[in-house]
Amino acid sequence: MAPARQSSPRTKDQLHRAVIFLGPPGAGKGTQAKELARHYGVPHLSTGDLFREHVVQGTPLGLAAKPIMERGELVPDSIVLKMVETRITQPDCAKGFVFDGFPRTVAQAQWLGELLKQQGYKRPVVVHFAIEPALLIRRLTGRRMCKVGGEIYNVFERPTKVAGRCDNDGGELEQRPDDREEVIGPRLAAYEKQTAPLVAYYRRLGLLHDVDAARAVTEVFERVLEVVGGAR
Ligand code: AMP
């Protein structure tokens with residue numbers, strides 16, 4: 001992705017908080033979260049990526065999560081929360097981190113709020129990716145991920161120079177099993193039912209910032225920088 005024209009007023013070591021990216025599957029959270037994490041030099045924590053790694057490695061957690069993910073449903077909190085706590089209490093998270101795909105329920109958000117307070121972080125910044133549902137189908141069916149570095153492309157909106165190969169490392173691109181059309185419906189339904197209530201939840205707490213996620217990747221990133229850089 002091309003560098004954003006504007007830079008954040010914060011320097012890399014000043015995040016010291018969690019940034020939460022909230023929005024439906026296909027809104028562009030993964031692409032923006034990776035870029036923001038790179039910008040601040042902090043970890044990008046995608047719970048979906050963490051689960052996919054467990055699936056590839058065949059761990060007990062991965063075996064439990066796989067069929068649930070393949071149905072497009074949410075993994076139970078008993079599994080998710082332990083995994084998140086283990087990850088964010090590691091030393092590389094001390095300067096802050098960017099969540100992508102977490103929290104996804106009000107119960108997860110309440111649990112996270114307590115944990116962040118206990119750990120002494122500043123209030124989180126929540127970036128809401130607002131987008132028309134019609135655009136999501138195209139983004140999800142066109143999405144391809146590099147098997148090596150996880151870079152995200154889209155056959156319609158962000159094609160690679162060589163078809164099927166990552167621009168960064170030449171890795172083979174693959175489609176996520178849950179980006180197949182038959183799983184997209186249940187995933188969007190799970191979002192509407194379980195995750196969309198978080199928009200009102202975080203708005204009430206005064207933590208939510210809306211971003212028009214239908215815009216081009218670089219424009220969205222400029223707005224994300226503005227929001228995160230300006231947060232008190
Ligand atoms: P994602 O990559 O964020 O679209 O997540 C892929 C799948 O992983 C989801 O459809 C869920 O099955 C599971 N997942 C990821 N994050 C969570 C979460 N915070 N809570 C429950 N399930 C999750």
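Across all non-hydrogen atoms, the minimal contact from Lys95 to Leu15 is O-CB, 3.6 Å. Considering all non-hydrogen atoms of both residues, Ile68 and Pro76 come closest at CD1-CD, 3.7 Å. Nearest heavy atoms, Ala213 versus Ala27: CB-O, 3.6 Å. In plain terms, the two heavy atoms of Glu70 and Val183 that are nearest each other are O-CG1, 3.5 Å. Between Arg104 and Gln108, the closest heavy-atom pair is N-OE1, 2.7 Å. Heavy-atom minimum distance, Gly171 versus Val148: CA-CG2, 3.7 Å.
Within the model, atoms CE of Met145 and CD of Glu174 stand 7.5 Å from one another, a figure rounded to the nearest 0.5 Å. Taken from CZ in Phe221 to CD in Glu226, the straight-line distance is 12.0 Å, to the nearest 0.5 Å. Atom NZ of Lys147 is separated from atom CZ of Arg165 by 9.0 Å, given to the nearest 0.5 angstrom. Atom CG of residue Leu112 and atom CD of residue Glu85 lie 10.5 Å apart, to the nearest 0.5 angstrom. Atom CD of Glu172 sits about 12.0 Å away from atom CZ of Arg144, to the nearest 0.5 Å. Atom CG of Leu173 and atom OG1 of Thr160 lie 5.0 Å apart (nearest 0.5 Å).
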### Message
The test is side chain to side chain contact (heavy atoms under 4.5 Å, CB included); show your working for Glu157 and Arg138 and say whether it passes.
### Response
CA-CA 9 Å; Glu157 295 173 6; Arg138 184 180 151 92; 3.9 Å; yes

### Query
Does the side chain to side chain contact (heavy atoms under 4.5 Å, CB included) test come out yes or no for Ile79 and Met83, once each step is laid out?
CA-CA 7 Å; Ile79 299 179; Met83 184 178 77; 5.7 Å; no

### Task
Would you please test Cys93 and Leu45 for side chain to side chain contact (heavy atoms under 4.5 Å, CB included) and show each step?
CA-CA 10 Å; Cys93 287; Leu45 306 186; 4.1 Å; yes

### Criterion side chain to side chain contact (heavy atoms under 4.5 Å, CB included) on Thr105 and Thr195, from CA distance to verdict
CA-CA 5 Å; Thr105 63; Thr195 311; 5.6 Å; no

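Between Pro103 and Leu198 there is a side-chain heavy-atom pair separated by less than 4.5 Å. You'll find the side chain of Leu63 stays beyond 4.5 Å of the side chain of Val55, heavy atoms only. The side-chain heavy atoms of Leu140 and Arg187, taken from C-beta on, include a pair separated by under 4.5 Å. Considering only heavy atoms from C-beta on, Pro133 stays 4.5 Å or farther from Leu188 through its side chain. Side-chain contact between Leu36 and Val228: present, with at least one pair of heavy atoms (C-beta onward) separated by less than 4.5 Å. Residues Val217 and Arg158 form no side-chain contact, since every pair of their non-hydrogen atoms from C-beta on lies 4.5 Å or further apart. Residues Val19 and Tyr40 are not in side-chain contact: their nearest non-hydrogen atoms beyond the backbone lie 4.5 Å or more apart. The shortest side-chain heavy-atom distance between Val126 and Phe21 does not fall under the 4.5 Å cut-off.
With hydrogens and angles ignored, the 3.5 Å screen pairs a side-chain donor or acceptor of Asp167 with a backbone N or O of Lys161. The backbone N or O of Leu115 sits nowhere less than 3.5 Å from a side-chain atom of Gln119 that would complete a donor-acceptor pair. Of the possible donor and acceptor atoms, one in the side chain of Lys34 sits under 3.5 Å from a partner among the backbone N and O of Gly150.
The number of heavy-atom neighbours closer than 6.0 Å to CD of Gln90, taken from other residues, nucleotides and ligands shown, is above 12. Within a 6.0 Å radius of CD in Glu132, no more than 12 heavy atoms belonging to other residues, nucleotides or ligands are found. The local environment of CZ in Arg71 is crowded, with over 12 non-hydrogen atoms from other residues, nucleotides or ligands closer than 6.0 Å.
Geometrically, Arg139 does not engage Phe156 in a cation-pi contact, judged by NZ or CZ lying under 6.0 Å from the ring centre and within 45° of the ring axis.
Hydrophobic cluster membership is shared by Val220 and Val125, with clusters built from Ile, Leu, Val, Met, Phe, Trp and Tyr side chains linked at under 4.5 angstrom. Tracing side-chain contacts under 4.5 Å through hydrophobic residues (I, L, V, M, F, W, Y), one never reaches Phe99 starting from Phe129; they form parts of separate clusters. Hydrophobic clustering, with ILVMFWY side chains joined whenever heavy atoms are under 4.5 angstrom apart, keeps Ile152 apart from Val224. In the hydrophobic clustering of this structure, Ile184 does not group with Tyr191; members are Ile, Leu, Val, Met, Phe, Trp, Tyr whose side-chain heavy atoms approach within less than 4.5 Å, directly or through other members. Residue Val98 is grouped with residue Val227 when hydrophobic side chains (ILVMFWY) are merged at heavy-atom distances under 4.5 angstrom, including chains of intermediate members.
Taking a cutoff of 4.0 Å between a charged side-chain nitrogen and a carboxylate oxygen, Arg215 and Glu222 do not qualify as a salt bridge. Of the charged side-chain nitrogens involved, none lies within less than 4.0 Å of a carboxylate oxygen, so that Glu219 and Arg223 do not count as a salt-bridged pair. Using a cut-off of 4.0 Å between Lys/Arg side-chain N and Asp/Glu carboxylate O, Asp92 and Arg87 are scored as salt-bridged.
Aromatic rings of Phe97 and Tyr121 (six-membered ring for Trp) have centroids within the 6.0 Å cut-off, being under it.
The side-chain contact (heavy atoms from CB on, under 4.5 Å) with Lys29 is formed by just one residue from the set Val127, Ile20, Asp100; it is Asp100.
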